[in-house]
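Taking it in order: structure first as structure tokens, then the write-up.
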Amino acid sequence: MYRVGVDIGGTFTDLLLVADDGTSFIGKTLTTHGDPSVAVETAMREGLEAGIVDRVQTGTVVHGTTLVTNALIERKGAMTALLTTEGFRDALEIGREHRYELYDLDLEFPKPLVPRYLRFDVPERVAADGNVLTPLDEDFVRGLVAELWDKGVRAVAVCYLNSFRNPAHERRTQELIAEVAPDIRVSVSADVVPEIREFQRTSTTAANVYVQERVAAYLQELQQRLDGLRFSGSFFVMLSSGGIGTPETAARFPVRMLESGPAAGALAAAALGQRAGYPDLLSFDMGGTTAKLCAVENGYPLKAREFEVDRIYRFRKGSGLPIKIPVIDMIEIGAGGGSIARVDALGLLKVGPDSAGAEPGPACYGRGGTGATVTDANLILGYFDPDYFLGGEMKLDVDAARQALGAVAGKLDMRVEEVAWGIHQIVNENMANAARAHLGERGKDPRELPMYAFGGAGPVHGGHVAELLRLPTLISPMGAGVGSTFGLLAAPLAFDFVRSAYSLLDELDWSFVNGMFDEMCAEGRAILEQSGLGSGEIVYERTADMRYTGQGHEVSVPIPDGVLDAGHLAAITEAFERTYEHMYGRTVPDVVVEVINWRVVARGPEQPLNFSTQGRKVDGAKARKGTRPVYSAGRGKFVETAVYDRYALTPGMTFPGPAIVEERESTLVVTARSRARVDDYLNVIVEFEYGQHA
């Protein structure tokens with residue numbers, strides 16, 4: 001049995017195929033934005049024809065994609081209507097009444113996915129305790145749905161007030177829609193996000209049904225392409241929470257796929273970093289369009305319960321559409337190999353967030369791009385061999401890169417090499433600043449964390465970013481250019497569930513809590529058993545969102561297994577205080593604790609990473625390929641720098657910086673004030689020496 005991970009990025013689509021004996025094939029092809037499944041098919045065909053697996057073998061494909069994110073940003077979803085409780089149709093636009101930039105008189109917010117003329121008040125009302133105050137007007141719903149169908153609406157989001165306590169009206173509305181217009185796609189908040197906070201719940205439910213048709217069509221097209229390749233086996237999709245699900249589950253809850261690709265990268269960093277002896281680290285994934293940073297603790301990436309998409313200002317929390325789903329907690333910035341440099345109105349050099357992407361791509365790709373990008377700058381600096389990009393499959397045009405950078409250099413009255421270094425360093429500073437903010441908000445000192453650098457551009461910039469942060473170590477894995485695909489193969493089948501039920505901790509109705517947990521576990525068991533797991537393979541992780549009374553935000557607290565009763569109160573209280581103190585450095589005495597949400601994660605067994613490096617017949621003496629001129633900012637000139645072949649490195653080998661380590665899909669830059677060694681897993685471990693000058 002073989003396994004395949006396929007990740008679609010903004011510039012490249014990456015593939016990792018691993019046979020049952022650990023033999024592997026790595027593929028990388030330009031993303032086809034018009035139809036992303038074409039690039040997946042191309043990469044899959046190359047992998048299946050590489051000769052390391054037999055076509056009659058059964059395989060498993062795990063797929064990560066940016067399709068949902070792109071559909072929301074580009075507003076390429078279905079015409080969607082919103083049915084909500086009478087008097088609440090504008091909740092989607094009012095939001096949280098929060099100004100993310102207090103003094104900006106021209107403040108903008110992303111436009112709601114559902115325009116006001118398609119948002120409808122439905123006569124019904126459920127109280128906060130779940131009791132019905134106003135019965136659902138079924139005749140009104142029938143007439144409204146018939147009119148919506150006649151007007152061309154093909155997607156409906158249903159989000160009634162307090163439906164997380166009593167979903168009866170939402171369920172009945174769903175039935176009525178199916179009776180009147182069975183071909184309309186429907187998402188009800190009780191299924192998508194059954195928890196408190198009206199604006200986020202409505203926004204998430206609308207986003208889910210908005211992209212359902214597009215995602216379902218894409219997954220069906222991709223399945224047909226796999227069938228055309230005579231692929232036999234299982235096909236799964238990566239979820240934002242770090243688990244994987246079936247295409248059927250993904251089509252029902254497409255909003256859960258928002259961060260599937262970046263989530264896979266964080267999982268890869270966690271799994272492979274822990275295997276190398278680094279359970280706590282900073283995951284740094286830099287591709288062609290964006291850079292993603294994520295803190296990993298005790299071998300697991302940190303998680304969040306909410307995410308924003310389509311931010312007006314990329315770095316401003318509150319300027320995007322809130323999506324309330326479990327997601328691996330990371331910060332993403334517009335810094336990648338394709339990020340375009342420009343001179344702003346003040347005459348200053350700026351880089352990104354606009355990207356050349358794959359079409360046309362950086363100028364040096366020779367595909368029509370004219371903007372000066374980060375990749376063009378790195379080529380001019382000598383970091384890339386123009387004849388060995390993608391192992392020689394793509395020749396880079398040095399003259400085109402120099403011409404693109406020259407246009408910027410002319411405006412700044414600088415040499416091309418100086419502009420190239422400026423672009424490189426500005427991107428590094430942007431990523432270092434993002435890392436400081438991300439880690440600082442989580443109470444972590446960057447000086448104590450090693451960096452796990454991957455992605456096509458991650459190892460190129462990782463060393464300089466690590467030095468800006470004063471990190472102790474950088475870890476660069478074999479196959480760094482397709483690093484996210486390792487996470488796809490390591491992810492278990494998993495799904496998250498939540499129920500909102502507010503209570504003071506010392507006034508809990510334990511039978512009610514046990515019933516909620518049993519219900520969520522049963523739902524998880526049903527989904528995972530339909531995915532092919534046996535009941536004995538499924539484990540359940542139970543947590544609760546808790547806070548001190550009067551606070552506005554909660555912390556996630558582990559809940560003991562088994563049937564709960566008053567005897568567990570002390571243990572749960574202690575777990576809350578331990579978690580709170582870990583995050584904030586203190587507890588608050590004599591304040592009552594309250595519970596807001598109850599959660600269950602149902603997951604299958606973790607998948608072993610059987611990527612093998614054994615049996616490699618290499619001559620370590622030939623690891624050094626030679627030298628080439630690489631720009632040194634400290635000296636203001638090019639310096640002859642050692643170049644190493646990644647595939648000829650052997651465990652125990654050491655070498656000083658500056659140096660370049662080349663592999664087909666990525667290049668590692670070892671900085672001047674560091675020293676590199678190769679560990680038993682063929683990771684290159686770069687250790688920094690801050691007492692020396694570059």
For residues M330 and P262, determine if any side-chain heavy atom of one lies less than 4.5 Å from a side-chain heavy atom of the other. yes

Counting C-beta onward and ignoring hydrogens, is there a side-chain heavy-atom pair between L67 and V215 closer than 4.5 Å? yes

So, applying side-chain contact (heavy atoms from CB on, under 4.5 Å) with I380, which one of I423, V398, T375 is it? V398

I'd like to check F495 versus R256 (side-chain heavy atoms, cut-off strictly below 4.5 Å). Are they in contact? yes

Can you confirm whether T60 sits close enough to V4 that some side-chain heavy atom of one is under 4.5 Å from a side-chain heavy atom of the other? no

Do other residues, nucleotides or ligands put more than 12 heavy atoms under 6.0 Å from Y300 OH? no

Closest approach of I323 to A207 (non-hydrogen atoms, all atoms of both residues): CD1-CB, 3.7 Å

Between F454 and F486, is the ring pair (Phe, Tyr, Trp, His ring centres under 6.0 Å) condition met? List the steps. CA-CA 11 Å; F454 61 103; F486 289 90; 9.1 Å; no

Rounded to the nearest 0.5 Å, what separates atom CZ in R442 from atom NE2 in H438? 4.0 Å

Do R214 and E74 sit within salt-bridge range, that is, some charged N less than 4.0 Å from a carboxylate O? no

Please state whether the rings of H464 and Y383 are parallel, tilted or perpendicular, taking 30° and 60° as the class boundaries. tilted

Taking only Lys NZ, Arg NE, NH1 and NH2, and the carboxylate oxygens of Asp or Glu, determine whether K28 and E665 approach each other closer than 4.0 Å. no

Tell me the closest heavy-atom pair linking V237 and P247, and the distance in Å. CG2-CA, 4.3 Å

Validation row: Q220, Y218 side chains within 4.5 angstrom (heavy atoms): no

For residues D376 and T373, is any side-chain donor paired with an opposing acceptor at under 3.5 Å? yes

Backbone of T65 reached by a side-chain donor or acceptor of S260 within 3.5 Å: yes

Run L113 and L321 through side-chain contact (heavy atoms from CB on, under 4.5 Å) and show every step you take. CA-CA 9 Å; L113 297 174; L321 296 172; 4.1 Å; yes

Under 3.5 Å, is there a donor-acceptor pair between the H461 and N378 side chains? yes

So, E663 side chain and G479 main chain: donor-acceptor pair closer than 3.5 Å or not? yes

Distance (rounded to the nearest 0.5 Å) between N683 CG and M478 CE: 9.0 Å

Give the intermediate values and the outcome of side-chain contact (heavy atoms from CB on, under 4.5 Å) for residues T13 and L30. CA-CA 6 Å; T13 294; L30 288 169; over 6 Å; no

Can you tell if the side chain of I685 reaches within under 4.5 Å of the side chain of Y278, non-hydrogen atoms only? yes

Is the backbone N or O of R415 less than 3.5 Å from a side-chain atom of E418, with the two atoms forming a donor-acceptor pair by type? yes

Taking atom CE of M394 and atom CZ of R664, what is their separation to the nearest 0.5 Å? 15.5 Å

Please check if the side chain of T249 supplies one atom and the backbone of G245 the other of a donor-acceptor pair under 3.5 Å. no

Roughly how far, to the nearest 0.5 Å, is the CG atom of N433 from the CG atom of N428? 11.0 Å

As an exercise, state the distance from CD of Q223 to CG of L219, rounded to the nearest 0.5 Å. 9.0 Å

Which heavy-atom pair separates G337 from P362 by the least distance, and what is that distance? O-CG, 4.2 Å

Give a yes or no on whether Q403 atom CD has more than 12 heavy-atom contacts from other residues, nucleotides or ligands under 6.0 Å away. no

Side-chain donor/acceptor of E308 to backbone N/O of G318, under 3.5 Å: yes

Is the backbone N or O of F236 less than 3.5 Å from a side-chain atom of T246, with the two atoms forming a donor-acceptor pair by type? no

Criterion side-chain contact (heavy atoms from CB on, under 4.5 Å) on Y644 and I660, from CA distance to verdict: CA-CA 6 Å; Y644 291 85; I660 302 293; over 6 Å; no

For the student: nearest non-hydrogen atoms of S283 and A266, plus distance: OG-CA, 4.0 Å

So do V482 and D7 actually touch side chain to side chain, heavy atoms under 4.5 Å? no

Sequence neighbours excluded - salt bridge (Lys or Arg N to Asp or Glu O under 4.0 Å) pairs with any residue from residues 333-356: none

Treating S484 as the side-chain partner and A264 as the backbone partner, does any N or O pair qualify as donor plus acceptor under 3.5 Å? no

Looking only at side chains, do D14 and T485 share a donor and an acceptor under 3.5 Å apart? no

Between R225 and S37, do the side chains contain an N or O donor and an N or O acceptor separated by less than 3.5 Å? yes

What do the steps show when you test K324 against E306 for salt bridge (charged side-chain N to carboxylate O under 4.0 Å, His left out), and what is the final call? CA-CA 4 Å; K324 202 163 182 56; E306 188 174 322; 3.7 Å; yes

Please give me the minimum heavy-atom distance between G456 and S666, naming the atom from each residue. O-OG, 3.2 Å

Does G382 offer a backbone N or O that forms a donor-acceptor pair with the side chain of R628 under 3.5 Å? yes

Report the distance from atom OG1 of T69 to atom CG of L258, rounding to the nearest 0.5 Å. 4.5 Å

Test item: R252 side-chain N/O and S187 main-chain N/O as donor-acceptor pair under 3.5 Å: no

Minimum heavy-atom distance between P301 and A270, given as atom pair plus value: CD-CB, 3.7 Å

Could you walk me through whether T473 and L281 pass side-chain contact (heavy atoms from CB on, under 4.5 Å), step by step? CA-CA 10 Å; T473 308; L281 53 82; over 6 Å; no

Residues E297 and K444 bridged, charged N to O under 4.0 Å: yes

So for atom CD, which belongs to E213, do other residues, nucleotides or ligands contribute more than 12 heavy atoms lying within a distance under 6.0 Å? no

Does any non-hydrogen side-chain atom of I8 lie less than 4.5 Å from one of V40? yes

Determine yes or no for a side-chain-to-main-chain donor-acceptor pair under 3.5 angstrom, with T80 supplying the side chain and A78 the backbone. yes

